[in-house]
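Take a look at the structure below.
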Amino acid sequence: MKKLICTVLTLVAFAVTASALNQSHCNKCDNPYKKYTQNLPFAMPEVKAPSIPDTKVCLSEFGADPTGAQLSTDAFAKAIDALVQKGGGHLIVPAGVWLTGPIVLKSNIDLHLEMGAVIQFAADESLYPIIKTSFEGLDTRRCQSPLSANGATNISITGKGAIDGNGQYWRPVKKSKVTDAHWKQLLASGGLEVKKGYWVPSESYAKGEVGASLNVPTAKTDAEFEAIHRFLRPVMVSLVGCKNVLLQGVIFQNSPAWNLHPLMCENVIIDNVLVRNPAYAQNGDALDLESCKNALIVNSKFDAGDDGICIKSGKDADGRRRGVPCENVVVDGCTVFAGHGGFVVGSEMSGGVKNFKVSRCQFLGTDVGLRFKSTRGRGGIVENIFISDISMMDIKTDAITFNMYYGGKSVAEMLADGDNPDNTTKMPVDETTPIFRNIDIQDVVCSGAGRAMEFNGLPEMPMDGINLKNITIRAKQDAVFTNCTNIKQENVKIILEK
């Protein structure tokens, strides 16, 4: 009976997803994503969903436990290997709670979660070995990501289920971001309050904090890294150097660090997903698209503890050495709830960011709406960014901000701490000087912001060629422009409110 049920579920699941995944099999079928790359202000090739073979297997056929009582790590690995032996196909995850260690996707595989299917990654650091990787734009070591692929072609994660990273096992917490009751529960649960109002989940995490700067530990040897194992919390979904990627329909939640992190991937579609983290999640970015080419982010919702939709391309010397920009990207029809920023570029943008179209998005209660951030030392060029048809409400700080003095804090934290960087003293211009130019923002409405806009450029490299058109912002404070050149304003209305 169990095998029969699984077979029926597999057939139903495959029928439901066939139109999304296999339209590329039929030359007569139109590509539903073609519309997003038409009539753009820059050249961008058509992006198609990956072509996945018709073969399908069900996870429960490989001895997986649907109750979450036992690890199903081996079952996932065996199912994926079985599909690889057949040339690829669809791994159907039926309803249930599937507790597991890391899952590694391989070429020509679709991981499909049925409604009611929950993949939960186990809260056990020993399951996630320390590997060489990239985090926050730097070459470093971190724990293996719960869900990953490296160098794969034609991969997808689809369906109506949820993927949970058990992030509370990994993350530190600031008292200021949680309720008193929550804080008391944390203190009672174990871990350490390493400084007033700052809790970490374990002694190994506390060791990693010593001397660390912006999540970069002082460890050098294998033993030193192993001693701070949990401090090296991973991004939940890491896709590195992959081509033809589809994330569709699934809920991605509760990540240890960043939630979704496509890195140096090509032909990426993120469609109709929900990406969420608690508002107090440290480094809990929803999506970090880094050094990717030809990507669509459409019809999706993001609710984050840090930045919502964030664009990156490496940090400082590591990013410049990689030299891979994030380019040819369309963001359309997306919603961002809580988070440090709705649509964000930087601060790790040393490889460059160019050719972006962001349209028909809404930011509801984010700290900042449109957020561009960098600092001296990054280098990189951000250019040809076209933003239109944006609606915002209840923005806590700036509706639009360009800050070239980013120091690792949110805008709210900077304002609370009274940060006032020196924006008058010129420094020499070299490869480490970030450049922001040719950015078009129009048809924006913001109902309620702390400040309308902040443009704070470098005196040695002012922001150049910013076009603001048809913008209405209701805010408590007016716009501020510093170290900018060639800023054009047409029909820009700022309504000051008490």
Side-chain angles (χ1 to χ4, degrees), residues 1-23 25 32 49-84 86 88-106 108-122 146-149 154-166 236-237 239 245-255 259-260 269-276 299-301:
M1 178 62 72
K2 181 177 180 181
K3 185 173 182 180
L4 176 61
I5 292 173
C6 187
T7 301
V8 172
L9 286 172
T10 300
L11 291 172
V12 173
F14 181 72
V16 170
T17 58
S19 60
L21 290 171
N22 295 321
Q23 72 266 4
H25 289 319
S51 177
I52 306 294
D54 293 344
T55 304
K56 46 201 175 291
V57 300
C58 185
L59 180 65
S60 58
E61 296 174 349
F62 296 85
D65 177 9
T67 71
Q70 302 293 328
L71 287 173
S72 296
T73 313
D74 289 344
F76 276 103
K78 290 177 180 177
I80 289 171
D81 286 344
L83 284 171
V84 169
K86 298 177 182 179
H90 307 263
L91 170 52
I92 308 301
V93 183
V97 177
W98 310 92
L99 185 69
T100 182
I103 298 172
V104 179
L105 283 183
K106 299 180 181 180
N108 304 312
I109 300 294
D110 166 44
L111 178 65
H112 181 81
L113 287 77
E114 282 291 273
M115 176 65 77
V118 177
I119 296 175
Q120 184 177 47
F121 289 102
L147 181 52
S148 66
N154 293 326
I155 58 173
S156 58
I157 304 171
T158 64
K160 297 183 179 180
I163 297 176
D164 184 281
N166 234 322
M236 188 171 79
V237 180
L239 308 175
V245 176
L246 173 67
L247 308 182
Q248 184 185 67
V250 175
I251 299 169
F252 299 90
Q253 68 171 27
N254 200 17
S255 56
N259 202 313
L260 304 181
I269 300 172
I270 299 174
D271 179 17
N272 193 30
V273 299
L274 170 60
V275 187
R276 59 192 295 264
N299 308 316
S300 295
K301 296 179 176 62

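None of these values were measured; they are calculated from a predicted model.
- Between Ile103 and Ile80 there is a side-chain heavy-atom pair separated by less than 4.5 Å.
- Residue Leu147 holds its CG atom at 10.5 Å from CG of Asn259, rounded to the nearest 0.5 Å.
- With sequence neighbours excluded, the residues satisfying side-chain contact (heavy atoms from CB on, under 4.5 Å) with Asn166 are Gln120, Ala123, Asp164, Gln168.
- Within the model, atoms CD1 of Ile157 and CG of Leu239 stand 6.0 Å from one another, a figure rounded to the nearest 0.5 Å.
- Taking 4.5 Å as the limit, some side-chain heavy atom of His90 sits within range of a side-chain heavy atom of Ile52.
- When side chains are defined from C-beta on, Ser300 does not count as touching Val275, because their heavy atoms never get closer than 4.5 Å.
- One finds the CG atom of Asp74 at 8.5 Å from the OG1 atom of Thr100 (value rounded to the nearest 0.5 Å).
- Nearest heavy-atom pair, Leu99 versus Phe121, reported as atom, atom and distance to 0.1 Å: CD1-C, 4.4 Å.
- Rounding to the nearest 0.5 angstrom, the gap separating the CG atom in Asp271 from the OG1 atom in Thr158 is 11.0 Å.
- Counting only distance, with no hydrogens or angles, the side chain of Ser156 and the backbone of Leu246 share no donor-acceptor pair below 3.5 Å.
- For the residue pair Gln253 and Met236, the shortest heavy atom distance occurs at O-SD, 3.6 Å.
- Here Lys160 contributes atom NZ and Leu113 contributes atom CG; the two are 12.5 Å apart, rounded to the nearest 0.5 Å.
- Side-chain contact check for Ser60 versus Trp98: some heavy-atom pair is nearer than 4.5 Å.
- Here the shortest heavy-atom pairing between Cys58 and Leu91 reads C-CD1, 4.3 Å.
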Side-chain donor-acceptor distances from residues 62-71 under 3.5 Å, at least two apart:
unit_1: Asp65; atom_1: OD1; unit_2: Thr67; atom_2: N; d: 3.0
unit_1: Asp65; atom_1: OD1; unit_2: Thr67; atom_2: OG1; d: 2.8
unit_1: Asp65; atom_1: OD2; unit_2: Thr67; atom_2: OG1; d: 3.1
unit_1: Asp65; atom_1: OD2; unit_2: Ala69; atom_2: N; d: 3.3
unit_1: Asp65; atom_1: OD2; unit_2: Gln70; atom_2: N; d: 2.9
unit_1: Thr67; atom_1: OG1; unit_2: Ala69; atom_2: N; d: 3.3

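- Residue Gly161 comes nearest to Val250 through the heavy atom pair O-CG1, 3.5 Å, listed as atom of the first residue, atom of the second, then distance.
- From Leu247, atom CG reaches atom CD1 of Ile270 across 5.0 Å, with rounding to the nearest 0.5 Å.
- In this structure Asp81 satisfies the salt bridge (charged side-chain N to carboxylate O under 4.0 Å, His left out) test together with Lys106, sequence neighbours excluded.
- Under the 4.5 Å side-chain criterion, counting only non-hydrogen atoms from C-beta, Phe252 is not in contact with Leu274.
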